[in-house]
Amino acid sequence: MSTQQATLGDEPNEFGYRPFTVGGFKFERDEYFVHVEWPTGRHVAAIEPFLKALMRDVAWNFFYGTVNFDAVIGTLNHYGNVDLFAGRFNEAYRQAELDHSENFPHDELKATFQAILNDWVNEEFDPFAAPQETGSAYGTKNGDNLSAVSRDRVTANRMVGLPGDEPLRSDESGYPINRMFADVDQSEPKVVVEPGYEAEVSAFNFFSYLSRSDVTWNPSVVSVCRDSLMCPTTEEFILPIIHGNDRVEWFIQLSDEIVWEVEDRDTGRPRAKVVMKAGDCAAMPADIRHQGYSPKRSMLLVWENNSAELPGMIARGEAPTVPVRF
Ligand code: PHB
Ligand code: FE
């Protein structure tokens, strides 16, 4: 556990951006790049993809397993505490013993990452938006976009459509139908409910619901049944993180097409290229990492098993890394 306190930002540099320190890691930005330093090394990366990755890591509370921002920097979730690492899942860094990792309480690292987003995201940039629906991340400090960088994923309190969890379905909701989903049928199913069961039985047009999503690569949670989470999302351009799984997850491609690059989780060696077209279903193994490419805005249903037991069972070999063995 890190004993060093996070510094939530020092004085702004010549570009107007504050530097941030957490444990032995130091983060600085200029007009185009983030510069990361740790006791044994340093890394530079383009600021736009970095901010998009950081945004997901914060909004998803470090997600399941590993969130690789790129081939070097990322986080590993231990659910309660988190590792911030450099080169840990990079075969060359590991072999050269250049990898570095520090453990932080969840809240401490999240607060630092949130402070970076608050300071480094300019007024016109929205890290959740598709490239054609946002302004630029580059340049000197120019205002902020606090409402965009404090978005959480939308989580249902109960199944969407039931009283108490009304989906955002109308133009008045402030969520217009996305430009790429103009052809999506907006008619709602007709449900005739036995009197007395109005609060328990409902149905809604899932495609219509998703057509109003204003963000990309940000799974929401529309139904929770014990540990079964249905997480639909709309995707356009590139998933800003390379996600290393700690459990099996299922993908159902609801519309259009996504190409997935699948690699070995620990080394990054290529394992598969999966082309998913509308209607296709795939299970992603628990020992891979993957990044998706969506040429046109598409709808994807991610089905997650939220059981806290799974990562340990898989790591100890008590549960398989694939859902079915043929
Ligand atoms: C994933 O890594 O499994 C993932 C993350 C975000 C998405 C879709 C899939 O929008
Ligand atoms: Fe994943």
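Position 1 is the first residue of the sequence, and the numbers go up from there. Just so you know, ligand 1 is whichever comes first in the structure, and atom 1 is the first atom listed for that ligand.
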Q: Polar-atom distance check: N245 versus ligand 1, any N or O pair below 3.5 Å?
A: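 No, N245 has no N/O under 3.5 Å of an N/O on ligand 1.
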Q: Would you check whether W60 reaches within less than 4.0 Å of ligand 1, judged by its heavy atoms?
A: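 Within the 4.0 Å threshold, so yes.
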Q: Pull out every atom of ligand 1 sitting under 4.0 Å from any heavy atom of F251, numbered as shown with elements.
A: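 Going through ligand 1 atom by atom, the ones under 4.0 Å from F251 are 3 (O).
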Q: Before you tell me yes or no, could you show the steps for F85 and F89 under ring-ring contact (aromatic ring centres under 6.0 Å, His included), namely the whole-Å CA-CA distance, both residues' side-chain angles and the distance that decides it to 0.1 Å?
A: CA-CA 9 Å; F85 62 77; F89 295 98; 5.1 Å; yes
Q: Return the set of protein N, O or S atoms whose distance to the Fe ion (ligand 2) is under 2.8 Å, each given as residue and atom.
A: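 Listed by chain and number, the nearby protein N, O or S atoms are H243 ND1, E249 OE2, H290 NE2.
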Q: How far is atom 10 (O) of ligand 1 from its nearest protein heavy atom, and which residue and atom is that?
A: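 Residue, atom and distance for the closest contact: E235 OE2, 2.6 Å.
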Q: Using the ring of each side chain (for Trp, its six-membered ring), is Y17 parallel, tilted or perpendicular to W120, with breaks at 30° and 60°?
A: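 Ring orientation, 0 to 90° scale: perpendicular.
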Q: Which of the atoms in ligand 1, numbered in the order shown and given with their element, are less than 4.0 Å from a heavy-atom of P219?
A: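 Within the 4.0 Å cut-off of P219, ligand 1 contributes 6 (C), 7 (C), 10 (O).
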Q: Could you check whether the rings of W260 and H290 sit parallel, tilted or perpendicular, using 30° and 60° as the cut-offs?
A: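 If you compare the ring of W260 with that of H290, the planes turn out tilted.
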Q: Among protein heavy atoms, which lies nearest atom 3 (O) of ligand 1, and at what distance?
A: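 Going by distance alone, atom 3 (O) of ligand 1 is nearest to E249 OE2, 2.8 Å.
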Q: What atoms of ligand 1 come closer than 4.0 angstrom to any heavy atom of N218?
A: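 Counting from 1, the qualifying ligand atoms are 10 (O).
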Q: When the ring planes of F27 and F25 are compared, do they come out parallel, tilted or perpendicular, using 30° and 60° as the limits?
A: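 If you compare the ring of F27 with that of F25, the planes turn out parallel.
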Q: Enter the distance from I288:CD1 to H243:NE2 here, rounded to the nearest 0.5 Å.
A: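 Interatomic distance, I288 CD1 to H243 NE2, rounded to 0.5 Å: 8.0 Å.
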Q: Ignoring hydrogens and angles, state whether a donor on the side chain of T75 or D57 is under 3.5 Å from an acceptor on the partner side chain.
A: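 Judged by distance alone, the side chains do pair up.
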Q: Starting from atom 4 (C) of ligand 1, locate the nearest protein heavy atom and write down its residue, its atom name and how far away it is, to 0.1 Å.
A: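 Looking at atom 4 (C) of ligand 1, the protein heavy atom closest to it is L239 CD2, 4.1 Å.
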Q: Number the atoms of ligand 1 from 1 as they appear, then name those within less than 4.0 Å of a heavy atom of T233, with their elements.
A: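 Result: 10 (O).
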Q: Just jot down the ligand 1 atoms closer than 4.0 angstrom to any heavy atom of H243, in number order.
A: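 Listed by number with element: 1 (C), 2 (O), 3 (O).
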Q: So if I count the atoms of ligand 1 from 1 in the order they appear, which ones are less than 4.0 Å from some heavy atom of W260?
A: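 Those of ligand 1 that fall under 4.0 Å from W260 are 9 (C).
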Q: Hey, could you give me the CG/CD1 distance between N68 and I73, rounded to the nearest 0.5 Å?
A: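 So the CG of N68 and the CD1 of I73 are separated by 10.0 Å.
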Q: How long is the gap from CG on N142 to OG on S136, to the nearest 0.5 Å?
A: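 Those atoms lie 10.0 Å apart.
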Q: Once you measure the plane-to-plane angle for F113 and F69, does it fall in the parallel (<30°), tilted (30-60°) or perpendicular (>60°) bin?
A: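 Geometry flag for F69 against F113: tilted rings.
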Q: Do N61 and Y79 have side-chain N/O donor and acceptor atoms under 3.5 Å apart?
A: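 No, because no side-chain N or O of N61 sits under 3.5 Å from a partner of the opposite role on Y79.
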Q: Report the C-alpha distance between Y138 and Y32 in whole Å, list the side-chain angles of each, state the deciding distance to 0.1 Å, and finish with yes or no for ring-ring contact (aromatic ring centres under 6.0 Å, His included).
A: CA-CA 6 Å; Y138 299 106; Y32 283 120; 5.5 Å; yes
Q: List ligand 1 atoms under 4.0 Å from H290, heavy atoms only on the residue side.
A: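 Ligand 1 atoms under the 4.0 Å threshold to H290: 1 (C), 2 (O), 3 (O).
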Q: Between R297 and E133, does any side-chain N to carboxylate O distance fall below 4.0 Å?
A: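 Here R297 pairs with E133 in a salt bridge, since their nearest N and O are under 4.0 Å apart.
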